Student: 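My questions all concern the structure below.
Predicted model only: the values in this text are computed from it and were never measured. Along the sequence shown, residues are numbered consecutively beginning with 1.
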Amino acid sequence: QVQLVESGGGLVQTGGSLRLSCAASGRMWSDNSMGWYRQAPGEQRELVAAMTSDGITNYADSAKGRFTISRDNPKNTVYLQMNSLKPEDTAVYYCNARWRWGPVEDTREYNYWGQGTQVTVSS
C-alpha cells in the first residue's frame with residue numbers, strides 16, 4: 001500500500017506564492033506518474049500538473065507559466081510551486097500517484113490519493 005501526505009497549503013493574497021509538497025511512503029512501481037489535482041466547491045476534480053518518474057510533465061492550461069511541478073525521486077516526494085496565484089486557484093489540492101503493471105493480458109491500474117490540502121487565494 002502507498003500513502004501520500006500533502007503539506008504547504010494556506011491562505012495567500014492574489015499574486016502570492018505557495019509551494020506544496022507530497023511525500024509518498026510504501027512500495028511504488030519505479031515507472032510511475034505523480035501529480036496534483038484540485039477540487040473547488042461544486043466542481044469536479046481536475047488535473048493541475050503531473051510528472052512521470054522519467055521527467056515528462058503535463059500541465060493544465062490554467063497552470064502553464066505559473067505553476068511548476070518537480071520531483072525528488074530518492075525522497076519519493078513531489079512538489080508544486082505555485083506563483084501568481086489567483087482567486088480561481090482556490091481549491092483543495094490532492095496529491096496523486098499512479099501506474100500500470102502486469103501481464104499484457106491483465107494489466108492493472110494502481111491509483112493512490114492523498115488527503116488533500118486547502119489553498120485559498122483572497123482578492
Side-chain angles (χ1 to χ4, degrees):
Q1 293 286 347
V2 173
Q3 288 186 298
L4 304 173
V5 180
E6 304 101 330
S7 62
L11 173 64
V12 297
Q13 293 183 342
T14 298
S17 297
L18 285 173
R19 191 185 192 219
L20 306 183
S21 299
C22 172
S25 62
R27 178 168 290 185
M28 293 177 60
W29 179 240
S30 57
D31 295 330
N32 62 72
S33 177
M34 296 185 69
W36 295 91
Y37 291 70
R38 67 187 181 189
Q39 188 167 21
E43 303 289 338
Q44 292 188 331
R45 191 171 298 185
E46 64 176 359
L47 172 71
V48 179
M51 190 175 190
T52 66
S53 49
D54 53 5
I56 306 301
T57 59
N58 185 26
Y59 291 92
D61 287 341
S62 61
K64 293 177 181 176
R66 300 189 299 128
F67 296 0
T68 303
I69 190 169
S70 60
R71 293 180 61 153
D72 186 343
N73 289 339
K75 296 174 64 176
N76 295 316
T77 301
V78 63
Y79 307 93
L80 185 67
Q81 178 67 46
M82 303 187 293
N83 299 326
S84 302
L85 284 162
K86 306 173 182 179
E88 49 263 47
D89 295 317
T90 296
V92 177
Y93 284 69
Y94 296 91
C95 183
N96 173 259
R98 62 182 65 194
W99 64 91
R100 298 186 181 214
W101 186 90
V104 66
E105 302 88 357
D106 190 23
T107 300
R108 178 182 172 183
E109 182 180 68
Y110 296 79
N111 192 14
Y112 299 91
W113 296 93
Q115 84 287 350
T117 185
Q118 176 70 230
V119 171
T120 302
V121 184
S122 65
S123 60

Student: Are Val119 and Val5 in one and the same hydrophobic cluster, where Ile, Leu, Val, Met, Phe, Trp and Tyr link if side-chain heavy atoms are under 4.5 Å apart?
Tutor: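 No, no single cluster joins them.
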Student: Assess whether atom CD of Gln3 is packed by more than 12 heavy atoms of other residues, nucleotides or ligands within 6.0 Å.
Tutor: no
Student: Considering non-hydrogen atoms only, spot the tightest contact between Pro74 and Asp72 and give its length.
Tutor: CD-OD1, 3.1 Å
Student: Would you compute the distance between atom CH2 of Trp99 and atom OG of Ser33 and round it to the nearest 0.5 angstrom?
Tutor: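 Those atoms lie 11.0 Å apart.
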Student: With rounding to the nearest 0.5 Å, note down the distance linking CG in Asn76 to CE in Met28.
Tutor: 6.5 Å
Student: Any link between Val12 and Met82 through a network of hydrophobic side chains (Ile, Leu, Val, Met, Phe, Trp, Tyr) touching at under 4.5 Å?
Tutor: yes
Student: So, Trp113 versus Tyr37, ring centres under 6.0 angstrom or not?
Tutor: yes
Student: Can you run down the side-chain hydrogen bond (donor to acceptor under 3.5 Å, both in side chains) pairs that involve residues 85-94, sequence neighbours left out, and say none if there aren't any?
Tutor: Arg38-Asp89, Arg38-Tyr93, Arg66-Asp89
Student: To the closest 0.5 Å, what do you measure between CE (Met34) and OG (Ser53)?
Tutor: 10.5 Å
Student: Minimum heavy-atom separation for Val48 and Ala63, please, with both atom names.
Tutor: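 Scanning both residues, the minimum pair turns out to be O-CB, 3.8 Å.
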Student: Could you please spell out the steps behind the side-chain contact (heavy atoms from CB on, under 4.5 Å) verdict for Trp36 and Ile69?
Tutor: CA-CA 9 Å; Trp36 295 91; Ile69 190 169; 4.0 Å; yes
Student: Would you say CD of Glu109 has more than 12 non-hydrogen atoms from neighbouring residues, nucleotides or ligands within 6.0 angstrom?
Tutor: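 Atom CD in Glu109 is packed in, count exceeds 12.
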Student: If we ignore hydrogens and angles and just use 3.5 Å, is the side chain of Arg98 paired with the main-chain N or O of Tyr112 as donor and acceptor?
Tutor: no
Student: Say whether, by atom type as modelled, one donor and one acceptor occur between the side chain of Asp106 and the main chain of Pro103 under 3.5 angstrom.
Tutor: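 Checking the backbone N and O of Pro103 against the side chain of Asp106, no donor-acceptor pair under 3.5 Å is found.
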Student: Quick one: CG on Leu18 to CZ on Phe67, what's the gap to the nearest 0.5 Å?
Tutor: 9.0 Å
Student: Decide whether Trp29 and Leu4 are clustered together by the hydrophobic rule: side chain heavy atoms of Ile, Leu, Val, Met, Phe, Trp, Tyr closer than 4.5 Å, transitively.
Tutor: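 Trp29 and Leu4: one cluster.
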Student: Using the test side-chain contact (heavy atoms from CB on, under 4.5 Å), find all partners of Ala40 that sit at least two apart in sequence or belong to another chain.
Tutor: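 side-chain contact (heavy atoms from CB on, under 4.5 Å) check on Ala40 returns Glu43, Ala91.
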Student: If you link I, L, V, M, F, W and Y whenever their side-chain heavy atoms are under 4.5 Å apart, who else ends up in the same group as Tyr79?
Tutor: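 Members other than Tyr79 - counting any ILVMFWY side chain reachable under 4.5 Å - there are none.
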Student: Taking side-chain contact (heavy atoms from CB on, under 4.5 Å) as the definition, give me every residue that meets it alongside Asp54, ordered by chain and number, with sequence neighbours left out.
Tutor: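 side-chain contact (heavy atoms from CB on, under 4.5 Å) list for Asp54, sorted by chain: Thr52, Ile56.
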Student: Has Thr117 got a side-chain atom pairing as donor or acceptor with Ser7's backbone, closer than 3.5 angstrom?
Tutor: no
Student: What residues, two or more places apart in sequence or in another chain, satisfy salt bridge (charged side-chain N to carboxylate O under 4.0 Å, His left out) together with Glu105?
Tutor: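 Glu105 satisfies salt bridge (charged side-chain N to carboxylate O under 4.0 Å, His left out) with no residue once adjacent residues are dropped.
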Student: Side chains of Glu6 and Gln115: is there a donor and an acceptor less than 3.5 Å apart?
Tutor: yes
Student: Do the non-hydrogen side-chain atoms of Thr14 and Pro87 ever get within less than 4.5 Å of each other?
Tutor: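 SC-SC contact between Thr14 and Pro87 confirmed.
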Student: Give me the atom names and distance for the closest heavy-atom approach of Val2 to Arg27.
Tutor: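 Minimum heavy-atom contact is CG2-O, 3.0 Å.
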Student: How far does OG of Ser123 sit from CG of Leu85, to the nearest 0.5 angstrom?
Tutor: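 Separation between the atoms: 13.0 Å.
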Student: Can you tell me how far CG of Asn96 sits from CZ of Arg45, rounded to the nearest 0.5 angstrom?
Tutor: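 Answer rounded to 0.5 Å: 8.5 Å.
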Student: Without hydrogens or angle criteria, can the side chains of Asn83 and Ser17 be said to hold a donor-acceptor pair below 3.5 Å?
Tutor: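 There is such a pair (donor and acceptor under 3.5 Å, judged by atom type) between the side chains of Asn83 and Ser17.
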Student: How would you list all residue pairs meeting disulfide (SG to SG under 2.5 Å) that involve residues 26-79, not counting sequence neighbours?
Tutor: none
